[in-house]
Structures are given as C-alpha cells and as structure tokens.
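A quick note: this is a predicted structure, and the numbers were derived from the prediction, not measured. Just so you know, ligand 1 is whichever comes first in the structure, and atom 1 is the first atom listed for that ligand.
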Amino acid sequence: MEQQPPRFDHMSPEQFRAAGYAMIDRIAAYWESLQSRPDDTPIASRVKPGDIFASLPPAAPEHQEPWDAIARDIDALIMPGITHWQHPGFFGFFPANNSGPSVLGELLSAGLGVQGMLWATSPAATELEMRVLDWLGRAIGLPESFLFGERPFESPGGGVIQGTASEAALAAIVAARGRAQRAGAHADFVVYTSTQAHSSITKSAVVAGVARDMNDATHVRLIDVDEDLAMRPDALAREIAIDLAAGRVPLLIAATLGTTSTTAVDNLHDIAAVIDRTFASHPAAPRPWLHVDAAHAGAALVCPEFRWLIRGIERADSFCFNPHKWLLTNFDCDCFWTRDRAALINAMSITPEYLRNAASSAGTIDYRDWHVPLGRRFRSLKLWFVLRHYGLEGLRAYIREHVRAAETLEALARADARFDVVTKRTMNLVCIALRPRPGESPEDANARTKALHHALNAANRILVTHTILPGGRYVIRVAIGGSFTREAHVLAAWEAIRSLA
Ligand SMILES: *Cc1c(COP(=O)(O)O)cnc(C)c1O
C-alpha cells in the first residue's frame, strides 16, 4: 500500500472563528473576575523556578494537535505561572495597562500581518502612526516643532512608536552621536543623567559603544540630585565643565520626568539653561542632545494640571513616554518624538538594493530609519483605538481618578502616626515607610518596613514593590495606575497595610 505524504492543515476560517470567539470570551471572563471578585485571585504566581519549564514536554509535537487540547493547557500549564498585572490590587513597579480597544488593535495588527518598515510596504501603517503621534503629541502639550503638522514629509520634527523607552534612549544616543560626528567630534563622548535615572540610559550608552561598560563613570556621568531627588543643574554644569576642559565631548543629557524609584522630576528649564550658558562660552563644541525620559509620567500630561512637568520642553531634542504603562495601551508602545528627525534618520538610514523604491526616493517617511529594527508591527492601530474609544476627556478622567486615589492614600498614611510619607508625591506614586520609634536605629526601622512589605506580599491580596532611597531608607512604593484600579481598591490596600503594620 502506498503511504500518504505528511500534510498540514491550516486552522479553517470556521475553526478560527470558534476558537477566536472563545479566546475573547476567556479574556473577558478573566477581566471580569479580576474586577468583580479580586479576592478569588492571589496576585503573585507562587511557582518555583523551573516548575513551568518542567511541566512542558521537552520536544514539540510531531503530529497536529486539536485546538481544544491546546486551549485546555492554558489553564493547566500557563495560568499557574501568571502574576496578575491586571489585578486591581497590583500596585508594584509601574502599571502595565491594557484595555479592550487596545487588545483589539493588537489583534487586528496580527491579523493584517503587515510589515510597516517602509511607507511602500503598507502606507496606512506609516500614515496612521504619523497622524496618531501628532494627536497624542498635541494631547500632552508638546510644541508643534515635535510634530509632523500639515506638511508631514517636510517638517523637521515628528513622532514614531518604539518598542520601549530603553530603545528610545538608544535611538536618541545614536542620533546625538551622528549629529556630533557631522559637527566634527569623533571620540570621547559623555552622557549625563541623574543618579535616579532609569538604568536604560547607562545600558543604551554601553550598547551604543559610548561607554565601555556599565561602570564607566567617565562616559556616563550620574549627576547628584537635590532633596526632592531631581537632578541638580549646578552639579550638571560642573561635570560638563570638567569634561570640556579635559577635551571630552558632552553628547547627550537624559532628563527624567517621573523617576522609576519615586517619580521625581528633573527641571527641564534649568537643565536647558545650563546647556545654553555652558555652550555660549564654548561656541566650537557641538551642543549636546537633550533627551527627556517620561516613560511613566508622560501619561499624566494629558491633564493640563501636569503640564508644569514639561516646562522647557521646547528646548529638548527628543521626548518619550510609554502609553503601555499608564495610558490603557498594552505593551509594547513607547511614543518617541524628536525636533530633529534628520539627525535620527542620518544616523540610522541604510538602504540595501532590495529595499529601494520610488516612494522612498521621493521623500516619504520610512519608519525603519527611526529605530534599530527593520521589521515593525502596525502598533498605531491600538493607540488609535484607545484614543478614539476613550477620547481625551476619558483619558483625563482616568488619570485624575488615580491621582485622586493617591492623594487619598497619602492623606490616610499621613494621618497615621506609625507611618511616614517619605518622598514628595508628584502624581500617582505614594512612597511610605514605618516611622522610626523614639530611640530606634534607622536599620531597625528599615527592618520593620521590610517585614511589613514582605507580609503584604505574602498575604497576596495586593502587590507592592520597594525602593531604597539615597541615604538608605527602605520604602514601600504604592503605584496606583492599574487599568481596573479604582479608589475602593486603594482604600482596601490601605486597610491591608494599616492592619498588618
Ligand atoms: C519604566 C521606565 C523605563 C523603561 O521602560 P521600558 O519601556 O521598559 O524600556 C525607562 N525610564 C523610566 C523613567 C521608567 O519608569
């Protein structure tokens, strides 16, 4: 008897419909249960390292499996290893928002399956992104110089979606280096950022080859901070002066709006003034690039009452924030704007023959020139859906509810003599610690705060993370920004904190 050759079957459109509807039902039921019965779901996964790996077979199946068997394994093998970031009691790190319209945008992007690397490979993928970045840029108060505006192929500025704020920092450093090289500077570049900046700034400097390694303090200067943990402009001026005198080239200053540890805010206006003053007396030196990392805090800028954060932004060269943190858009989505897109494109553009096409030659936007990867997903769909579903008014209401809940928590903690609110609350993060008892050493007070932190996470009804401040104080960070987190959840969190203290 002749043997049948092996065959493959796509999921048929009918099977896809059935499995797809069931997957949407699964996600909807998950979100529903997190909101209506949060106490049914302990937040942090309790599996041990290696548990999930060991539960999975060592090799892929040789034969096709029925979809039902695959779907069953989501509950059996995956969910035990999930930490529930969308749980309304998740107050750790910074939030990782999502929402219905966002997930639908992600699904449509996957379904269309286009590569948006060039304008010509799917014009809508490029032009929707350009338009949506202009929308969002205006919504957060960026000056027109960062936008495409109504002559989008000619404007000097514009925005792009990067995967993460880390990739945005790398793009900024590479653009800055290209600009400095064209101005005649070729080596010994220095990046400046505060001691409180995100580690991605140092990492980007290393990846770009500006710094030798993560400890290269000559090429990444971590500038001192003031009592509010903001970069000290006088300390920045001093470091730049030392480097200029030594013949090094100040390349880029990364200011942070809303540091990861405590949401401290660097003063852009004062930092830009330092650059102006210093380089007025060094006219031959290229001006450093000013990059602004607002990864988390940028979302708050949809509310005019937070615009003080970006005072001085018109003098920055680039700005980024992550709608995937606190603006209802699922990972990954970092929005990056620059006033000098030519610097970015000159540094990143490389065109092998197989990518040449008439539209590129005529000067359209080819987003592959704006970041490291070539291929890119149609990520603007999810942002477009979010902006239209909620409207700017809805997004403001969303941000304000979290800020109000943070104010409430701050007031409750201040009213309880056992607690200190340790850092200035600028938006939705409240940093608390147990107050040292009379005569108690800082170490002992720290140990009690740490024990409270661990007890809270052991109870697993809320999840909080910690930081250690300059000076050594251990603090519990309560980051209020989950997609489903409402004031009631914050009050319940305070009850848990207060009763365990
Ligand atoms: C979260 C965060 C980052 C890193 O974000 P990714 O998008 O994950 O790279 C960078 N900077 C700040 C201030 C952050 O809070």
Side-chain angles (χ1 to χ4, degrees), residues 85 90-98 102 136 140 159-174 191-208 214 220 222-223 225 228-231 252-268 271 290-301 306 309-310 313 316 318-337 370-373 376-377 379 382-383 399 402 423 425-431 465-467 469 477-482:
W85 282 68
F90 186 100
F91 300 101
F93 307 101
F94 278 142
N97 279 185
N98 71 8
S102 174
L136 189 57
I140 63 171
V160 60
I161 299 179
Q162 308 264 357
T164 59
S166 305
E167 290 158 81
L170 177 60
I173 289 176
V174 170
V191 167
Y192 306 82
T193 199
S194 90
T195 57
Q196 299 299 300
H198 192 267
S199 53
S200 57
I201 306 298
T202 297
K203 191 167 177 175
S204 295
V206 174
V207 171
M214 304 294 174
V220 179
L222 298 181
I223 307 298
V225 292
D228 290 328
L229 304 179
M231 187 193 292
L252 175 138
I253 298 160
T256 312
L257 306 182
T259 58
T260 313
S261 201
T262 66
T263 60
V265 176
D266 292 344
N267 187 322
L268 296 183
I271 291 170
L290 177 54
H291 175 62
V292 179
D293 175 7
H296 169 71
L301 293 170
F306 283 103
L309 289 166
I310 49 167
I313 188 66
S318 56
F319 171 92
C320 79
F321 93 97
N322 292 350
H324 72 227
K325 279 184 169 163
W326 189 22
L327 210 62
L328 294 165
T329 306
N330 64 285
F331 191 86
D332 54 349
C333 184
D334 169 88
C335 293
F336 174 88
W337 290 267
W370 294 54
H371 49 43
V372 174
R376 61 199 321 270
R377 289 183 301 121
R379 282 179 292 213
K382 60 187 171 187
L383 203 47
I399 294 290
H402 286 150
T423 57
R425 186 191 55 76
T426 48
M427 49 199 86
N428 61 335
L429 177 72
V430 185
C431 292
T465 52
H466 80 286
T467 191
L469 300 181
R477 299 168 70 264
V478 187
I480 299 166

Under 4.0 Å from a heavy atom of [X]: which atoms of ligand 1 are those, numbered in the order shown and with their elements?
X      : value
His198 : 2 (C), 3 (C), 4 (C), 10 (C), 11 (N), 12 (C), 14 (C)
His324 : 7 (O)
Phe94  : 15 (O)
Asn322 : 5 (O), 6 (P), 7 (O)

Which value, rounded to the nearest 0.5 Å, describes the distance between [X] atom [atom1] and [Y] atom [atom2]?
X      : Y      : atom1 : atom2 : value
Asp293 : His198 : CG    : NE2   : 7.5 Å
Ser194 : Ile253 : OG    : CD1   : 12.5 Å
Gln162 : Asn322 : CD    : CG    : 10.5 Å

From the list Thr259, Asn428, Thr256, side chain to side chain donor-acceptor pair (under 3.5 Å) partner of His296 resolves to Asn428

Considering non-hydrogen atoms of the protein only, which is the closest contact for [atom], and what is the distance?
atom                    : result
atom 11 (N) of ligand 1 : Asp293 OD2, 2.6 Å
atom 13 (C) of ligand 1 : Thr260 OG1, 3.4 Å
atom 7 (O) of ligand 1  : Ala165 N, 2.7 Å

Legend entry - Residue-ligand contact Gly258/ligand 1, heavy atom below 4.0 Å: yes

Margin query: Please confirm whether Glu167 approaches ligand 1 to less than 4.0 Å, judged on its heavy atoms.
Written below: no

Between [X] and [Y] (side chain of the first, backbone of the second, donor and acceptor by atom type, cut-off under 3.5 Å), is there such a pair?
X      : Y      : value
Arg477 : Ser261 : yes
His324 : Cys333 : yes
Asn98  : Thr329 : no

Quick look: Lys325 vs ligand 1, heavy-atom contacts under 4.0 Å, and the answer is side chain

At under 4.0 Å between heavy atoms, what of Thr164 touches ligand 1? The answer is both

key: Donor + acceptor pair across side chains of Thr423, Thr262 (<3.5 Å)   = no

- Mind checking whether Thr259 has an N or O less than 3.5 Å away from an N or O of ligand 1? no

Between ligand 1 and Ser166, is the shortest N or O to N or O distance under 3.5 Å?
yes

| message | I want to know whether Phe93 and Trp85 have ring centres closer than 6.0 Å. | response | yes

